[in-house]
Amino acid sequence: MADLDAFPATLEGGVVAIGNFDGVHRGHRAVLDIALSIAREAGAPAYALTFEPHPRSVFNPDRPVFRLTPAEMKARVLAATGLNGVVSLPFTREFAGIEAEAFVHDILRGRLKIRHAVTGYDFHFGRARRGTPEFLEEAGRTDGFGVTIVSPENDEAGAAVSSTRIRAALAEGDIVLANALLGYRWSVEAEVRHGDKRGRDLGYPTANLALPPETGLAHGIYAVRAKVDGRWVDGVASFGRRPTFDNGAPLFEVHLFDFSGDLYGKRVRVMLAAYLRLEAHFDSIAALIEQMDRDSAEARAALASLVPLGSVDLAVNGAASGGGDGDGDTGA
């Protein structure tokens, strides 16, 4: 992912897909696919122009948005779509205050020298959001570049695919729907930190990951695969407050099957495959362990039947989604 100062000359005169692209979901990929198609016909490069951090977190810092794909993950998924590059602009209040004309003249034409711009129907830019899709089309006619505005992408039930809808599905524990709308299996990534070591005493040692406080994932138990030192390992995870013990701050705890090793301080990516049950309080440790045994068996069964959700899922998650390659995977 490059910025304007490091914009490669090989992308000049290219076809640019513009948007925030949080999630890089099926609706976003309708925009990206059209950009790729136009670029192929023109013999030009295709790339994405995106913004970091998320505008909603800039304007409402006390209520940061639940990110589906933080910057690194967003770049990873965008690369999996076949684009020639990704350019990220720093989003600040000052940047949001530039005039729409300046965004077009100084950035799109002056710095990027675009041939064609592709955006979604709801993309706005510039001060007071004056840069509407219609504004961009008129600017293209005036400045000599093509513009394509893409209509909403609907799922098989006829409902629009959106980042808001995916966040709502994750909040309800509907991993199947969230993954279907994304077109790949969703994951979290964080550094493994020291915990209270309680899992060891239960026979279920865990890797503990503190997710951002704005993470809107449903509390409960999940079937997962974790990427550890370049390979994927099956496991079961709990996200929540541990009501049987301390009912504390939410923590993502992953137990990896048939694994031994020191993960402290390592960054681990965990792909969510299935939601198994709600978080619950148990009256005894014995009852908790019995349930953890059942959870593990159910997670193993769910993970045994995974198949890739499509080409992007295969490129992003590879062996984790049942494929053989992708993302440097060596299998579990």
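Because the structure is a prediction, the values reported are computed rather than measured. Computed from heavy atoms alone, side chains included, the values below leave out hydrogens, waters and symmetry copies.
What you find for L68 and G23 is that their closest heavy atoms are CB-CA, 3.8 Å. Closest heavy-atom contact between L211 and A190: CD2-CB, 4.4 Å. Considering every non-hydrogen atom in both L181 and V161, the closest pair reads O-CG1, 3.7 Å. A pairwise comparison of heavy atoms in A17 and L32 identifies CB-CD2, 3.6 Å as the closest pair. Heavy atoms only, all atoms of each residue included: P308 and L314 are closest at CG-CD1, 3.9 Å. Contact record, A35 with A46: O-CB, 4.0 Å, taken as the closest heavy-atom pair.
Proximity of L272 to L217: side-chain heavy atoms (C-beta onward) are separated by under 4.5 Å at one or more points. At least one side-chain heavy atom of I107 sits less than 4.5 Å from a side-chain heavy atom of L112. Counting heavy atoms from C-beta outward, Y184 and R29 have side chains that approach closer than 4.5 Å. Residues I149 and T119 meet the side-chain proximity criterion, which asks for heavy atoms closer than 4.5 Å. Using a 4.5 Å heavy-atom threshold, the side chains of T206 and V254 count as separate. Side-chain contact between P205 and H255 is present, with at least one heavy-atom pair separated by less than 4.5 Å. You'll find the side chain of F66 reaches within 4.5 Å of the side chain of L170, heavy atoms only. A 4.5 Å side-chain heavy-atom check between S321 and L306 finds every atom pair outside the cut-off.
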- Could you walk me through whether K74 and D22 pass the salt bridge (Lys or Arg N to Asp or Glu O under 4.0 Å) check? CA-CA 7 Å; K74 181 167 69 173; D22 186 34; over 6 Å; no

- Item | Test side chain to side chain contact (heavy atoms under 4.5 Å, CB included) applied to L108 and L49, step by step | CA-CA 10 Å; L108 296 186; L49 177 63; 3.9 Å; yes

- Worked verdict on V236 versus E298 for side chain to side chain contact (heavy atoms under 4.5 Å, CB included): CA-CA 9 Å; V236 61; E298 188 175 350; over 6 Å; no

- Task: For the pair V270 and S187, evaluate side chain to side chain contact (heavy atoms under 4.5 Å, CB included) and give the outcome as yes or no after the intermediate values.
- Result: CA-CA 5 Å; V270 183; S187 63; 5.9 Å; no

- Task: I would like to know whether I38 and R115 meet side chain to side chain contact (heavy atoms under 4.5 Å, CB included); could you show each step before the answer?
- Result: CA-CA 10 Å; I38 293 171; R115 172 192 299 261; 6.0 Å; no

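Transitive grouping of hydrophobic side chains (ILVMFWY, heavy atoms separated by less than 4.5 Å) keeps W186 and L309 in distinct clusters. At a threshold of 4.5 Å between side-chain heavy atoms, the hydrophobic network of Ile, Leu, Val, Met, Phe, Trp and Tyr places I221 and V176 in two separate groups. Under a hydrophobic clustering in which Ile, Leu, Val, Met, Phe, Trp and Tyr are joined whenever their side-chain heavy atoms come within less than 4.5 Å, directly or via other members, V86 and V316 fall into the same cluster.
Sorted pairs that involve residues 171-183 and meet salt bridge (Lys or Arg N to Asp or Glu O under 4.0 Å), not counting sequence neighbours, are lacking altogether. Applying the salt bridge (Lys or Arg N to Asp or Glu O under 4.0 Å) test to residues at least two apart or on different chains, the pairs with a partner in residues 310-321 are R185-D313. For residues 125-158, every residue pair satisfying the ring pair (Phe, Tyr, Trp, His ring centres under 6.0 Å) rule, not counting sequence neighbours, is listed here: F103-F125, F123-F125, F125-F135. A ring pair (Phe, Tyr, Trp, His ring centres under 6.0 Å) check over residues 18-50, counting only residues at least two apart or in different chains, returns the pairs F7-Y47, F21-H28, H25-H28. Listed by first and then second residue, the side-chain hydrogen bond (donor to acceptor under 3.5 Å, both in side chains) pairs involving residues 97-111 are E99-R127, E99-R130, E101-R130, H105-D143 (not counting sequence neighbours). Sequence neighbours left out, the pairs with a member in residues 274-290 that pass side-chain hydrogen bond (donor to acceptor under 3.5 Å, both in side chains) are R277-D295.
Listed by chain and residue number, E94 satisfy the side-chain hydrogen bond (donor to acceptor under 3.5 Å, both in side chains) test with T92 (two or more places apart in sequence, or in another chain). For H116, the side-chain hydrogen bond (donor to acceptor under 3.5 Å, both in side chains) partners two or more places apart in sequence, or in a different chain, are T148. Checked against side chain to side chain contact (heavy atoms under 4.5 Å, CB included), A207 has the following partners two or more places apart in sequence or in another chain: V192, L209, L263. Applying the side-chain hydrogen bond (donor to acceptor under 3.5 Å, both in side chains) criterion to D293, with sequence neighbours excluded, gives Y204. E156 is linked by a salt bridge (charged side-chain N to carboxylate O under 4.0 Å, His left out) to R26, counting only residues two or more places apart in sequence or in another chain.
Using cut-offs of 30° and 60° on the angle between ring planes, the pair F252 and F239 is tilted.
Going from atom CZ of F51 over to atom CG of N20 covers 8.0 Å, rounded to the nearest 0.5 Å. For the atom pair CD1 (I285) and CD1 (I289), the distance works out to 6.5 Å, reported to the nearest 0.5 Å. Taking CD from E52 and CG from L89, the interatomic distance works out to 10.5 Å, rounded to the nearest 0.5 Å. Rounding to the nearest 0.5 Å places CD of Q291 at 10.0 Å from OG of S296. Within the model, atoms NZ of K227 and CZ of R267 stand 13.0 Å from one another, a figure rounded to the nearest 0.5 Å. A distance of 11.0 Å separates OH of Y121 from CD of E153, quoted to the nearest 0.5 Å.
Judged by distance alone, with hydrogens and angles left aside, the side-chain atoms of R225 form no donor-acceptor pair with the main-chain N or O of W232 at under 3.5 Å.
Using a 4.0 Å cut-off between a side-chain N of Lys or Arg and a carboxylate O of Asp or Glu, E214 and R167 do not qualify as a salt bridge. Classification of E72 and R76 as a salt-bridged pair holds, one side-chain N sitting under 4.0 Å from a carboxylate O.
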Which atom pairs, one a donor and one an acceptor, fall under 3.5 Å between side chains of residues 54-61 and the rest of the protein, sequence neighbours left out?
unit_1, atom_1, unit_2, atom_2, d
H54, ND1, R56, N, 3.1
S57, OG, V65, N, 3.0

